[in-house]
K.L.:
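Let me give you the structure first, and then I'll get to my questions.
In each ligand, atom 1 is the first atom listed, and ligand 1 is the first ligand listed. Positions are given from 1, in the same order as the sequence printed here. The analysis underlying the following values was restricted to heavy atoms, covering all of them including side chains, and did not include hydrogens, waters or symmetry mates. None of the values given here were measured: they were computed from a predicted structure.
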Amino acid sequence: MENKNQLSDSVNTAIIDIQSERLITSAQIWLEVKDVMSKDVITVGSEETVVSAAKTMSENNVSCAVVMDGGSLTGILTEKDLLTMIAGKDKNFAEIKVAQIMSSPADSIGPDLSVLDASGIMDTKHIRRLPILEGGQLVGIVTQTDLARALTSYGIWKDVTEIMSSDIAAIQTKATVAEAVEIMKSRNISCIVALEGNEVQGIITERDVLKGIVALKKDPAHIKVETVMSSPVITIPTSYSVFSARKIMDKRRVRRLVAMDDEQLCGIVTQTDIFRAVKQKLLEEEEKNSRLLERSKSNIYTLDLDGRITYVNPAFMGLLDVSGPEELIGRPFLPERFFDNPEKKAQLLRELKKGRVEVKELALKTSRGRKIYVTLFSTFTKNIHDEINGTQGILYNVTDHKLAEESTTRAYRKLKKTYDELEETQLQLIQNEKLASIGQLAAGVAHEMNTPVGFVASNFQALEGYVKKIRDLLAMYDKIFGQIETLGKTELRNKTKEIGQFRDDMKIDFILEDIQGLFDDSREGLDRVTNIVQNLRDFSRIDQPGSRDEYNINKGIETTLIVAKNEIKYDTDVKIDFSEVPLIFCHSGQINQVFLNILLNAAQAIKTQERNGNETITIRTYSSEDKVICEIADDGPGIPPETLSKIFDPFFTTKPAGKGTGLGLSVSYDIVVNKHNGELFAESTVGEGTKFTIKLPIGTKENDEQEIMSDGKKNVTICE
Ligand SMILES: Nc1ncnc2c1ncn2[C@@H]1O[C@H](COP(=O)(O)OP(=O)(O)O)[C@@H](O)[C@H]1O
Ligand SMILES: [Mg+2]
């Protein structure tokens with residue numbers, strides 16, 4: 001239940017806000033007297049005769065004249081005053097002066113009064129027009145007609161029956177004007193329907209009396225109603241709306257209409273009726289609107305043409321932390337203590353003069369010193385003549401949003417800094433891993449070279465011994481050659497026998513045969529060393545950024561195996577299952593690094609098991625339409641699922657400190673996925689082993705350019 005109430009409360013508030021925002025685009029609510037008044041005022045002097053005043057009035061077809069003497073307002077002369085004069089005892093009015101019958105002192109108002117307040121004054125004082133003074137100067141006059149005209153455009157209207165008076169005074173056309181005036185006076189009405197029998201013939205109004213009697217200096221007692229009445233009567237059906245009735249009055253310049261249905265007199269609609277009804281309606285509207293404005297959560301204000309504040313609602317005051325409207329009303333928008341940036345303020349006021357504007361992000365300070373950010377939305381207000389008479393607007397408080405944005409930016413900067421630092425550290429660690437890798441590489445190479453270099457060296461030792469023996473033999477031959485002239489036959493035979501014995505002893509035939517073997521063997525050893533050096537050069541090929549070379553992954557794996565051999569347990573069975581695969585374009589040194597990292601991991605994983613033989617690493621290559629694929633599988637301990645998801649994370653390692661950096665796989669991932677647009681993933685079953693799959697697009701030499709563009713400096717890998 002509680003929730004339901006809260007909900008309906010917030011729905012109501014939302015509706016109020018929507019309504020008040022719509023309201024601010026409708027102009028009438030802000031109408032002032034100066035927006036609706038007539039500027040052409042008919043004036044007469046107080047020393048003039050009533051006859052000449054009545055003439056002026058009827059010539060100009062107005063119902064009142066403002067009485068001015070020496071530039072200041074002394075009174076007002078209305079049709080009613082003239083009527084009262086005729087109804088009075090003194091029938092000889094020709095010599096009467098305006099001063100004697102005018103209403104004085106006359107009420108007047110200022111031009112800034114609201115239309116509603118003006119109509120309030122008219123209503124309570126029972127007057128139909130108010131002169132408007134500004135600084136003592138007569139600037140206009142506002143009549144019920146003006147107000148009614150202004151206000152009827154405001155609402156959609158009901159039928160005239162709802163506002164007309166059906167209590168109609170009637171008089172026969174043959175009766176005298178004096179009798180008619182008497183009725184008007186006693187019933188305090190301004191018109192009477194003139195009948196002949198039961199038929200409506202015309203209508204006699206205050207104005208008819210003014211025109212037909214006073215202006216012509218006639219005696220009302222001797223003039224018949226039919227002579228001065230207005231005829232034919234302007235009638236309307238009762239189904240007419242108030243709005244249409246008002247328009248007809250305006251067009252025909254009359255103040256009342258007779259409402260008739262089927263020739264039947266139903267009532268009279270006067271301008272006063274319309275005026276009262278409109279005013280009532282407007283009052284209700286005004287009250288509703290101001291209730292809306294007062295309750296609205298939107299921060300609403302209005303300004304006059306000079307940019308001075310004319311209205312602020314409570315929400316607006318709350319926004320700026322002010323306690324009452326007097327702190328703002330009449331001051332320039334926005335007062336310095338809220339907005340002390342004269343340059344921006346001038347710019348803002350220029351903007352506001354443009355009409356419908358949205359000004360983003362003004363930084364303001366409330367009277368409690370709170371900093372707030374607002375977005376301002378403003379439109380023009382217009383008077384009834386469609387002339388701009390100010391602006392109205394809403395300030396949206398965007399402080400929270402703005403602060404959130406600022407703190408996000410700050411957080412981002414901090415994060416970025418941390419990230420940069422991390423990247424720097426990572427580069428250093430990669431460098432370390434690179435060094436470690438070089439160490440591993442050196443160990444592998446040393447091991448590989450040890451055997452051929454070892455047996456070449458022992459071959460050398462053997463050859464050295466053989467050469468010494470051959471040299472001894474040669475020395476014996478030389479000695480015999482030197483004595484050959486002096487030796488006898490028998491002696492020569494003995495010596496030759498001696499040499500033969502020596503040859504047999506030293507097994508010269510075996511030696512000669514073995515020498516050939518030693519040479520062949522040594523040559524093979526030297527070839528192996530040459531081969532290793534060549535491989536090593538291939539492996540550690542320095543990748544020039546921007547250049548990719550043709551690469552055969554089968555060859556790359558073979559080379560890497562040589563380098564990794566030292567780490568792979570001697571009795572591990574490395575099964576090679578190569579298919580013929582197309583050449584790919586890649587950074588060969590980087591790809592070799594990937595194979596090495598994965599092979600070393602496999603070798604290290606197997607070693608943790610302390611098995612006795614029959615360990616296997618299987619390396620398989622094959623190709624698809626546009627990729628070459630390599631699978632490296634081991635039958636090691638496998639990786640549990642919760643670990644498997646982390647192995648490509650930088651610094652993730654399960655190996656003891658000093659042994660693992662946790663970078664091998666993350667670097668490999670970067671090389672394969674980011675640098676070569678390939679795929680790298682692992683599948684594993686605990687207790688059975690792990691398989692890594694590397695997929696590399698065949699690629700072209702060119703696609704490297706893009707990579708450089710997007711990848712910039714990040715070309716650091718372990719083996720560069
Ligand atoms: N073949 C494998 N068998 C079991 N675990 C493996 C295998 N390859 C990688 N791992 C796991 O992945 C982790 C991360 O590997 P790597 O990024 O190369 O870092 P390091 O080898 O320095 O630990 C290893 O610590 C290990 O736990
Ligand atoms: Mg590793």
K.L.:
With sequence neighbours left out, what residues match Lys354 under salt bridge (charged side-chain N to carboxylate O under 4.0 Å, His left out)?
P.N.:
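In terms of salt bridge (charged side-chain N to carboxylate O under 4.0 Å, His left out), with neighbours along the sequence ignored, Lys354 is linked to Glu351.
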
K.L.:
Looking only at N/O atoms, are Phe692 and ligand 1 under 3.5 Å apart anywhere?
P.N.:
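By distance alone, the answer is no.
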
K.L.:
Please check if any side-chain donor atom of Asn597 sits under 3.5 Å from a side-chain acceptor atom of Gln593, or the reverse.
P.N.:
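Yes.
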
K.L.:
Between Leu600 and ligand 1, find which residue part has any heavy-atom pair under 4.0 Å and reply side chain, backbone, both or neither.
P.N.:
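Neither part.
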
K.L.:
So if I count the atoms of ligand 1 from 1 in the order they appear, which ones are less than 4.0 Å from some heavy atom of Ala605?
P.N.:
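Those atoms are 2 (C), 3 (N), 4 (C).
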
K.L.:
If you measure every N or O of Gln604 against every N or O of ligand 1, does any of those distances drop under 3.5 Å?
P.N.:
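No; every N/O pair is 3.5 Å or more apart.
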
K.L.:
Going by distance alone, is a donor N or O of one side chain under 3.5 Å from an acceptor N or O of the other, for Lys675 and Gln590?
P.N.:
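No.
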
K.L.:
Between the candidates Ile639, Thr608, Asp635, Asp634, which shows the shortest non-hydrogen contact distance to atom 7 (C) of ligand 1?
P.N.:
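Going through Ile639, Thr608, Asp635, Asp634 one by one, Ile639 has the nearest heavy atom to atom 7 (C) of ligand 1.
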
K.L.:
Ignoring hydrogens and angles, tell me if any N or O in the side chain of His587 forms a donor-acceptor pair with the backbone of His676 under 3.5 Å.
P.N.:
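Looks like no, no N/O pair under 3.5 Å.
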
K.L.:
Closer than 2.8 Å to the Mg ion (ligand 2): does that hold for any N, O or S atom in Gln604?
P.N.:
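No, outside the cut-off.
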
K.L.:
May I ask you to identify, for Phe648, whether its side chain, its backbone, both or neither come under 4.0 Å of ligand 1 on a heavy-atom basis?
P.N.:
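Under 4.0 Å from ligand 1, Phe648 contributes no heavy atoms.
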
K.L.:
Tell me whether the count of non-hydrogen atoms from other residues, nucleotides or ligands lying under 6.0 Å of CD in Glu421 goes above 12.
P.N.:
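Result for CD/Glu421: enclosed.
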
K.L.:
Hey, could you give me the NZ/NZ distance between Lys371 and Lys365, rounded to the nearest 0.5 Å?
P.N.:
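The NZ atom of Lys371 sits 10.0 Å away from the NZ atom of Lys365.
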
K.L.:
Taking a cutoff of less than 4.0 Å between a non-hydrogen atom of the residue and any ligand atom, is Gly662 in contact with ligand 1?
P.N.:
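Gly662 counts as a contact of ligand 1 under the 4.0 Å cut-off.
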
K.L.:
Considering only NZ, NE, NH1 and NH2 on the basic side and carboxylate oxygens on the acidic side, decide whether Arg611 and Asp635 come within less than 4.0 Å.
P.N.:
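Counted as a salt bridge, because a side-chain N and a carboxylate O are separated by less than 4.0 Å.
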
K.L.:
Under 4.0 Å, heavy atoms only, figure out whether ligand 1 is touched by the backbone of Leu665, its side chain, both or neither.
P.N.:
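Both the backbone and the side chain of Leu665 come within reach of ligand 1.
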
K.L.:
If the cut-off is 4.0 Å to any non-hydrogen atom of Thr690, which atoms of ligand 1 fall inside it?
P.N.:
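It comes down to these atoms of ligand 1: 1 (N), 3 (N).
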
K.L.:
Salt-bridge test for Lys416 and Asp420: reply yes if a basic N is under 4.0 Å from a carboxylate O, no otherwise.
P.N.:
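Counted as a salt bridge, because a side-chain N and a carboxylate O are separated by less than 4.0 Å.
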
K.L.:
Between Thr653 and ligand 1, find which residue part has any heavy-atom pair under 4.0 Å and reply side chain, backbone, both or neither.
P.N.:
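Both backbone and side chain.
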
K.L.:
Before signing off on this row, confirm whether Thr643 and ligand 1 have an N or O atom pair separated by under 3.5 Å.
P.N.:
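No; the residue has no nitrogen or oxygen that sits under 3.5 Å from a nitrogen or oxygen of the ligand.
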
